J.: 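Sharing a structure here in structure tokens format.
Note that this is a predicted model, so its numbers are computed, not measured. Order of the sequence lines sets the chain letters (A, B, ...), proteins ahead of strands, with each chain counted from 1.
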Protein chains: 2
Amino acid sequence: MATASRALAGYSDVAVGTRERVRQLAREMGYAPNMAGRMLVSGRTGFVGLVLPVRGPDFVDSFLGDFVTGLGEGLVAEGCDLFIAAASKDQTELEVLQHLVRAGRADGFVLTRIADGDPRVRFLIDQRVPFTTHGRMAAEESFSWLDTDGAGAFATAFRLLHDLGHRRFGIISIAEQMGFRRDREAGLRGAIAAADDPAVILTETHAPRFDTAAHRHAIRELLSRPDRPTALIALFDELGLIAMQEANALGLSVPQDLSVIGFDNVPAAGFAMPGLTTFDQATRDSARQIAAMLTAQIRSPAEAPATTLRQAVLIERASHGPAP
Amino acid sequence: MATASRALAGYSDVAVGTRERVRQLAREMGYAPNMAGRMLVSGRTGFVGLVLPVRGPDFVDSFLGDFVTGLGEGLVAEGCDLFIAAASKDQTELEVLQHLVRAGRADGFVLTRIADGDPRVRFLIDQRVPFTTHGRMAAEESFSWLDTDGAGAFATAFRLLHDLGHRRFGIISIAEQMGFRRDREAGLRGAIAAADDPAVILTETHAPRFDTAAHRHAIRELLSRPDRPTALIALFDELGLIAMQEANALGLSVPQDLSVIGFDNVPAAGFAMPGLTTFDQATRDSARQIAAMLTAQIRSPAEAPATTLRQAVLIERASHGPAP
DNA sequence: CGAGCAATCTGAAACGTTTTGGATTGGTAA
DNA sequence: TTACCAATCCAAAACGTTTCAGATTGCTCG
């Protein structure tokens, strides 16, 4: 038994002939090592866990499909599998995570949509469980994360529009203190400051993230002002698409009367009329990289946690143009 | 040890006082039974497996996110977790599945996007592993599936358009023999036959599923004919959205010159201008139900496999209207 | 010729549960 | 007094692997 185990694992202290004989037989018999037995003795599960964010009943997430696909692809290359847990009604994501860690169900975790001071990060650091997050936190000790440079993207968006003559800007944002919000807004403000143009005005709307009606209302109000912005930057595509619809409803045409730029490059951005100019963050590829970062960490826990900042790429479609 | 195990499991042959004492202590210590140990002895993993369909590098799947979310929600209610495996470059989905079954990594599987004669179904039936599919197969022995009534939906679409005076129809379809294609096309043909109207003409295009350029070409060709259809029914929303773009490029306005109806109700359908009339199949809720069907099967393998046919609901937006 | 070594193999322990088949205790009926 | 029973509790086996610490063999060297 021991020899067979070592033969399959490729150890060097088993003769070549024996190894081949064992492997051949294993193939013939369709043998695959039982997961549970292996887990028990090795302490490794071969799983990486992802706790699904809890969400409203009809919130559609174009992000998750790509992300899961990328993770799966990245992990299979490392011989891991992905394991997904949802939080039930009366559980927070933190509670689910705690249970999973205690039950030893995964070797490491992927965290998405983290907010500043996210308790999940604290918990995993304390437990010394490997993890990698998608997104950063403000002023926190070091851990492994991958993020898209939202600040850079929004700065780019501002410069693009400013060069086209726009001076009155609006940002459609959310009320929640998410890391990506802070990042992108800071990028925009930094770029405005750097332009050093006293004519530039920035108006903001901040409706609750998943409250579409509130966003519509805020946008409509914004676009109805006499000094309405000529350029709108949306925190993410859905808000930009809503803005285009509201502009349309108010008789404004995009991009002649109003320029709109989004972020994410969801499929709908390409199908909208006009196509929404936005930034692509290559979610699937990011997820693949997160998988690699996490498995590296699982393999050698001593190493300093790696971090990655990726550039989003501008997708120029037809929703922006010269200031009216 | 034995008593503690039985106390936590709620067996009756442990005194009430003891049980409470054990449970209290377990809570205090943050004890959660180790998965591997439990798996090994019980033979149950507590996992349900989903093998990700292999896909082209930039194919975006609005379906997967919803589906995974629904599965997760449904499974957590049953005390299961979801486990996702991707196929690597040189593996088929069948091979991945075989490996997972042999390694005993899951108690049951969910299969999506099954084609007629799908070998995965055959394999799982032979191995007597519980599974539930999303979608049906033609003429196959009984197994557990959930499907949306595409035939009914396409019949509804035809009647809707026929009542609006349309006579020249086009269906934008794919080349692959998928179950949903057969189903929806049959529904359309059945409805045409039932209408018994000699004036009705149906033209078809069948480009490879993921070849967007080919679809565009076929649609453009179809819409350039002198006797072009006045109503287009797309096998799924992406094709409908592409059709609207092509119509626009040819100077046809939707819905005045051309009506378009899709299927799936992807987010982009709502953001398109005009909004795409389509059918919603409540993917997330379907996935929840699949989770319930599968766990029921895992619990009592002897029962006859359950099947569910769900009705898609028509979402009337602005892409259809009276025949020109 | 014995010691030492390399190459190869193997028995047994260990991992953390659940389950099985008693063991123990105290009480009750014959 | 003995036998039996119900209510509890517990020791040990079992699950399928990996790893540790030898064991065995055949060879080389002094």
Side-chain angles (χ1 to χ4, degrees), chain A residues 1-47 49 78-81 83 98-108 127-129 298-299 301, chain B residues 1-47 49 78-81 83 98-108 127-129 298-299 301:
Chain A
M1 233 168 73
T3 303
S5 172
R6 301 179 71 79
L8 291 172
Y11 278 72
S12 65
D13 77 340
V14 35
V16 192
T18 316
R19 183 171 66 213
E20 283 318 310
R21 214 147 38 93
V22 170
R23 290 198 169 164
Q24 176 58 30
L25 206 54
R27 245 192 314 275
E28 280 171 23
M29 301 171 63
Y31 169 86
N34 175 288
M35 221 31 224
R38 168 178 282 191
M39 272 160 75
L40 198 52
V41 63
S42 71
R44 286 280 185 81
T45 63
F47 282 120
E78 311 278 349
C80 272
D81 280 309
F83 135 53
Q98 288 172 330
H99 188 265
L100 297 176
V101 168
R102 299 219 170 93
R105 283 185 88 112
D107 301 330
Q127 299 283 317
R128 301 188 202 297
V129 176
I298 290 171
R299 253 194 295 280
Chain B
M1 233 169 75
T3 304
S5 173
R6 302 181 71 79
L8 290 172
Y11 280 72
S12 67
D13 77 340
V14 34
V16 192
T18 315
R19 183 170 67 213
E20 283 318 311
R21 215 145 39 91
V22 169
R23 291 197 169 166
Q24 176 58 31
L25 207 53
R27 245 192 313 275
E28 280 170 24
M29 300 172 61
Y31 169 85
N34 176 288
M35 222 32 224
R38 170 179 280 189
M39 271 161 76
L40 197 52
V41 63
S42 70
R44 286 278 184 83
T45 64
F47 282 119
E78 311 278 350
C80 273
D81 280 309
F83 135 53
Q98 288 172 330
H99 189 265
L100 296 175
V101 167
R102 297 218 172 93
R105 282 185 89 110
D107 301 330
Q127 297 283 318
R128 300 188 203 297
V129 176
I298 290 170
R299 253 194 295 281

J.: Rounding to an integer number of Å, can you tell me how far B:Arg105 CZ sits from D:dG16 C1'?
T.: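 After rounding, the reported distance stands at 15 Å.
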J.: Distance check needed: C:dT18 P versus B:Leu8 CG, whole Å only.
T.: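 It works out to 8 Å between those atoms.
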J.: Could you tell me whether a side-chain N or O of A:Ser42 sits under 3.5 Å from a main-chain N or O of A:Arg38, the two making a donor and an acceptor?
T.: yes
J.: Using OP1 and OP2 only, check whether a side-chain N or O of B:Ser5 sits under 4.0 Å from C:dT17.
T.: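 Indeed not, no polar side-chain atom of B:Ser5 lies that close.
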J.: Of the options D:dT18, D:dT19, C:dC9, whose atoms approach the side-chain atoms of A:Asp13 most closely?
T.: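 Closest nucleotide to the A:Asp13 side chain: C:dC9.
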J.: Which residue lies toward the 5' end of DNA chain C, A:Thr18 or B:Arg6, if each is placed at its nearest nucleotide?
T.: A:Thr18
J.: Does B:Asp107 use its side chain to pair, donor to acceptor, with the backbone of B:Arg44 at less than 3.5 Å?
T.: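 Here the side-chain-to-backbone pair does not exist.
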J.: Rounded at 0.5 Å granularity, tell me how far CZ in B:Arg6 sits from OG1 in B:Thr18.
T.: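 Output value for this atom pair is 13.0 Å.
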J.: Could you please name the option among C:dT8, C:dT18, D:dT17 that lies closest to any side-chain atom of A:Met1?
T.: D:dT17
J.: Does B:Arg105 qualify as a cation-pi partner of A:Phe47, given the criterion of NZ or CZ under 6.0 Å from the six-membered ring centre and within 45 degrees of its axis?
T.: yes
J.: Roughly how far, to the nearest 0.5 Å, is CG of B:Asn34 from CG of A:Leu40?
T.: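 Between A:Leu40 CG and B:Asn34 CG, I get 6.5 Å after rounding to 0.5 Å.
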J.: Nearest whole Å is fine: how far is D:dG16 P from B:Arg102 CZ?
T.: 17 Å
J.: Heavy atoms within less than 4.0 Å of DNA chain D: which residues of residues 22-43 of chain B have one? Give them sorted by number.
T.: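 Per residue number, the list reads B:Leu40, B:Val41.
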J.: Begin from the C-alpha positions of A:Gln98 and A:Arg102 and carry the test side-chain contact (heavy atoms from CB on, under 4.5 Å) through to its verdict.
T.: CA-CA 6 Å; A:Gln98 288 172 330; A:Arg102 299 219 170 93; 4.0 Å; yes
J.: Please check the phosphate of D:dT19 (OP1 and OP2 only) for any side-chain N or O of A:Tyr11 closer than 4.0 Å.
T.: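 Indeed, a polar side-chain atom of A:Tyr11 lies that close.
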